[in-house]
Number of protein chains: 2
Amino acid sequence: MHKQSSPLEKLSEHKARFGLKSSNKRSFIIDYFLKADRHFTVEELYDEIKQKKPEISYSTVYRALKLLAECKLAGQCTFGDSASRYEPIHQYEHHDHLICRRCGRIIEFENDKIERLQKDVARRYGFHVSAHKLELYGMCRKCRKVQKGQRQ
Amino acid sequence: MHKQSSPLEKLSEHKARFGLKSSNKRSFIIDYFLKADRHFTVEELYDEIKQKKPEISYSTVYRALKLLAECKLAGQCTFGDSASRYEPIHQYEHHDHLICRRCGRIIEFENDKIERLQKDVARRYGFHVSAHKLELYGMCRKCRKVQKGQRQ
DNA sequence: TCAATAATGAAAATGAATTGCAATTTCATT
DNA sequence: AATGAAATTGCAATTCATTTTCATTATTGA
Ligand SMILES: [Mn+2]
Ligand SMILES: [Mn+2]
Ligand SMILES: [Zn+2]
Ligand SMILES: [Zn+2]
């Protein structure tokens, strides 16, 4: 076990390793993304950033997310939308997703029992698991209420 | 609970409902796909069918798989490859996937405990789950052996 | 200050998925 | 068997997210 580095440390380690330079635009994007802590498509993030800094282009947003993914500060999600999403990865944390197909809401959850059972399954097949994905699709509490009201 | 229909019944129900006609090409594709019982990309299936029936086009394969998906005889999988895959859906059956990132092997498994725990989680959040996806990515037994042999 | 090199924006390229359309095939009805 | 409405097919074209190219600008260490 070696000490885990903070997000910004990870980022500067990565910059050092690949000889990257810094830029205000990229910093702004990264900062916005990490603070918002949501599940953005590239386009969604671009649209929000455009409001505050219209001089930032789609390409730069795209490349910033790609960079974050490379240094494990962002994870890529594919929730059945046409476009894939990026979420901030926090230290030591793992979670899975509940996805509402009606309103798009995404809820994160953790369940140690499930995690343990997954490992059991893998062991049974001689598999070594390096990553997994558990997604529950359906309708959230709020949307179920709305739907109930609409019937009749 | 009403009686579940067999694959071919499902197909002819669907044909009746949408006024479809039958064709040798489509039948061949569907037959090949269901018998092979694997996780094909459209292109993979096309390439294999091309060997036996070169007069069948990519579009027709694509449309046959789409049709199967519509009548729930095929399911769509997204395993991180660039292209999505289709798998036959068997009656009453549900399963999740172990995916070897080295050789591409896909192993199917079922685990009732995990299924139950998923429902518990959903209930806790007021969610109604209509579908879910559990994928374990890693390295299969065979590939782990190979890798062990290669070191040193 | 000055190179060297990275970052950026705009446009083009890529590639899987999908569709438009003319030609062909199916099939119920003559 | 012939007919004709409607479905199927092949090919090319299109869509759309993603990725790359390339000319220009910004950063940084010497
Ligand atoms: Mn998440
Ligand atoms: Mn499967
Ligand atoms: Zn909802
Ligand atoms: Zn393998």
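As a basis for the values below, the full set of heavy atoms in this structure was taken, side chains included, without hydrogen atoms, waters or symmetry mates. Labels below follow one simple rule: chain letters A, B, ... track the order of the sequence lines, proteins then strands, and each chain is numbered from 1. No experiment lies behind these values; they were computed from the predicted model shown.
In this structure, A/Arg26 places its CZ atom 8 Å from C1' of C/dA6, rounding to the nearest Å. If you take CD of B/Gln76 and P of C/dA17, they are 8 Å apart, rounded to a whole angstrom. Following rounding to the nearest Å, B/Arg63 (CZ) and C/dC21 (P) show an atom-to-atom distance of 13 Å. In this entry the distance linking CZ of A/Phe40 with P of D/dA17 reads 18 Å, nearest Å. With rounding to whole Å, B/Asn24 atom CG is found 9 Å from C/dC27 atom P.
A side-chain donor from one of A/Glu87 and A/His39 sits under 3.5 Å from a side-chain acceptor of the other.
Taking the six-membered ring for Trp and thresholds of 30 and 60 degrees, B/Tyr137 and B/Phe79 have ring planes more than 60 degrees apart, a perpendicular arrangement.
Within the 6.0 Å centre-distance limit, the rings of A/His94 and A/His132 are counted as a close aromatic pair.
Between C/dC27 and B/Ser22, a contact under 4.0 Å exists linking OP1 or OP2 to a side-chain N or O. Phosphate contact (OP1/OP2 of C/dG9, side-chain N/O of A/Lys50, threshold under 4.0 Å): absent. Side-chain N/O atoms of B/Lys15 include none lying less than 4.0 angstrom from OP1 or OP2 on D/dT8. Residue B/Thr60 places at least one side-chain N or O under 4.0 Å from the OP1 or OP2 atom of D/dG10. Taking 4.0 angstrom as the limit, B/Ser84 places none of its side-chain polar atoms (N or O) nearer than this to OP1 or OP2 of C/dA16. The phosphate of C/dT8 (OP1 or OP2) has a side-chain N or O of A/Ser23 nearer than 4.0 angstrom. Distances shorter than 4.0 Å separate some side-chain N or O of A/Tyr62 from OP1 or OP2 on D/dT19. Applying the 4.0 Å criterion to OP1 and OP2 of C/dG9, one finds that A/Lys25 has a side-chain N or O inside that range.
Donor-acceptor pairing under 3.5 Å, judged by distance alone, is absent between the side chain of B/Ser57 and the base of D/dC11.
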For a salt bridge (charged side-chain N to carboxylate O under 4.0 Å, His left out) check, start with the C-alpha distance between B/Glu44 and B/Arg38, then their side-chain angles and the critical distance, and finish with the verdict.
CA-CA 11 Å; B/Glu44 284 169 359; B/Arg38 310 208 318 260; 5.8 Å; no
Might you work through the salt bridge (charged side-chain N to carboxylate O under 4.0 Å, His left out) test for B/Arg124 and B/Asp120, ending with a clear yes or no?
CA-CA 6 Å; B/Arg124 208 166 303 144; B/Asp120 291 348; 5.2 Å; no
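Contacts of A/Glu55 with the nucleic acid, taken as non-hydrogen atoms under 4.0 Å apart, involve only primed sugar atoms and P, OP1 or OP2.
Two residues, B/Gly19 and B/Ile56, neighbour DNA chain D, and the one matched to the more 5' nucleotide by heavy-atom proximity is B/Gly19.
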